[in-house]
Amino acid sequence: MRSEKNYFQLFSNCILVKGANRATINDLQRNDLFIISNQFCDIIEGLNAKLPITELKKEYSQEDIFEIDKTLEFLESKEYGFFCDIDDFSLFPKLDTAYKSHCDVTNIILEKESFSLEKIQKTKDIINSTLCESIVILCYFKIDEDQLLKITSILNNTTLRSLELVIPYNKNIDSEALKRIRNQNTKLSSITFYNSPDEWNIDFNINLFSVSYRRKNIDDFSFCGSVNKKDFNVNKEKFLESLNYNSCLYKKLAIDRKGNIKNCPAFKNDFGNIKTINTKKIKETILSKNSFKSVGLINKDSIEVCKDCEFRHVCTDCRAYLSESSNIKSKPLKCGYNPYNNTWFQN
Ligand code: SF4
Ligand code: SF4
């Protein structure tokens, strides 16, 4: 039944993103994405700006008005928005879209090509001095339970909220060993075994802990940077980060297999080596440099092609593998989506 109210607004957690051909409503509360036409996106933007529905309809044919009514009712039924009175706008303030993080580094990627605790100890200093919340440790060498226990033990008592391990398959690390490793550090959120003879997952029924086995081998960082529909994430924090900054590299720090400090392990340029820098002064000596920060400030609205994509704030970005290698603002190489005809190229 059509509402008698003459205004309509989206809930403040539902954000419109307009692309070249079509748009999305991004529901940041329910982690949900809904595709609409650009014409309807314009209509909702007008209504959100307090245009009365009766005024809006003057611009449209009877047939269009029928469609507008139908779609607004649909959006209300799905709780993306609601019919309201003019006074109701002040009761529903717009979402603050600023992105704030108290950390100097939010996430670290650490590559290791051999076992040494010195690099882990120094990484721990960086974690604590930057209030870093998550780390992915990627090992290129065969690592055993004892070595994993030593690493996870050192990374106890840090600011980390999540620790992910990506390691080669080792048949000697069985379920009991995995439990012992997880018990050593409860921030351990996932272990991924690569080069596994088969693909499977283990569910330990432990909150925020997963173990997976994957066939694919990893011998360098070239596996990273793919953009896939299945990885779209309508998470409020990630969405706001993407609106304001680079969704992969903002406040990211990488330590590559040789110990070089970078924005990403696949980047060529580095900012010193973990063996020689004073890790406790990394904020002053590296993180505050414009040359380090600049890539993290490239958001999707400034990237070619992506700026016309309706998914630009729910996909990840990649500045290492580019469609034009000498253009830092070109589209990610490993994305097959064309926002101008809305098709995915499968490679
Ligand atoms: S075109 Fe750009 S914004 Fe769109 S899905 Fe691909 S990488 Fe993301
Ligand atoms: S820039 Fe690309 S390769 Fe580097 S971490 Fe991000 S997605 Fe991966």
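Computed from heavy atoms alone, side chains included, the values below leave out hydrogens, waters and symmetry copies. Note that ligands are numbered from 1 as they come in the structure, with each ligand's atoms numbered from 1 the same way.
- Of all atoms in ligand 1, numbered sequentially from 1 with element shown, those under 4.0 Å from a heavy atom of P332 are 7 (S).
- Ring geometry, F34 versus Y80: the interplanar angle falls under 30°, so the pair is classed parallel (tilted spans 30 to 60°).
- Checked against salt bridge (charged side-chain N to carboxylate O under 4.0 Å, His left out), K281 has no partners two or more places apart in sequence or in another chain.
- Residues R257 and E113 are paired through a salt bridge, judged by an N-O separation under 4.0 Å between the basic side chain and the carboxylate.
- V136 and I143 fall into different hydrophobic clusters, defined by Ile, Leu, Val, Met, Phe, Trp and Tyr side-chain heavy atoms under 4.5 Å apart, directly or through other members.
- With respect to atom 6 (Fe) of ligand 1, the closest heavy atom belonging to the protein is C335 SG, 2.3 Å.
- Among the atoms of C306, an N, O or S atom falls under 2.8 Å of atom 2 (Fe) of ligand 1.
- Of all the atoms in ligand 2, the ones that sit under 4.0 Å from a non-hydrogen atom of F221 are 3 (S), 5 (S), 8 (Fe).
- Classification of K331 and E324 as a salt-bridged pair fails, no side-chain N sitting under 4.0 Å from a carboxylate O.
- Closest to atom 2 (Fe) of ligand 2 among all protein heavy atoms lies C318 SG, 2.3 Å.
- At a heavy-atom cutoff of 4.0 Å, ligand 2 is contacted by the backbone of D317 but not by its side chain.
- Protein heavy atom in closest approach to atom 4 (Fe) of ligand 2: C264 SG, 2.3 Å.
- With respect to the salt-bridge test (charged N to carboxylate O, under 4.0 angstrom), the residues R312 and D317 do not qualify.
- When only non-hydrogen protein atoms are considered, atom 1 (S) of ligand 1 lies nearest to K331 CE, 3.7 Å.
- Between D27 and R30 a salt bridge is recorded (basic side-chain N to carboxylate O distance below 4.0 Å).
- Contact annotation: for C248 versus ligand 2, heavy atoms closer than 4.0 Å belong to the side chain alone.
- Protein heavy atom at the shortest distance from atom 8 (Fe) of ligand 1 is C315 SG, 2.3 Å.
- Distances from ligand 2 to the non-hydrogen atoms of T316 include no value under 4.0 Å.
- Salt bridge E304/K329: absent, no basic N to carboxylate O contact under 4.0 Å.
- Under a 4.0 Å criterion applied to the non-hydrogen atoms of R319, ligand 2 contributes the atoms 1 (S).
- For ligand 1, the atoms sitting less than 4.0 Å from at least one non-hydrogen atom of R312 are 3 (S), numbered in the order shown with element in parentheses.
- A cation-pi arrangement is absent between K216 and Y194 under the rule of less than 6.0 angstrom and at most 45 degrees off the ring axis.
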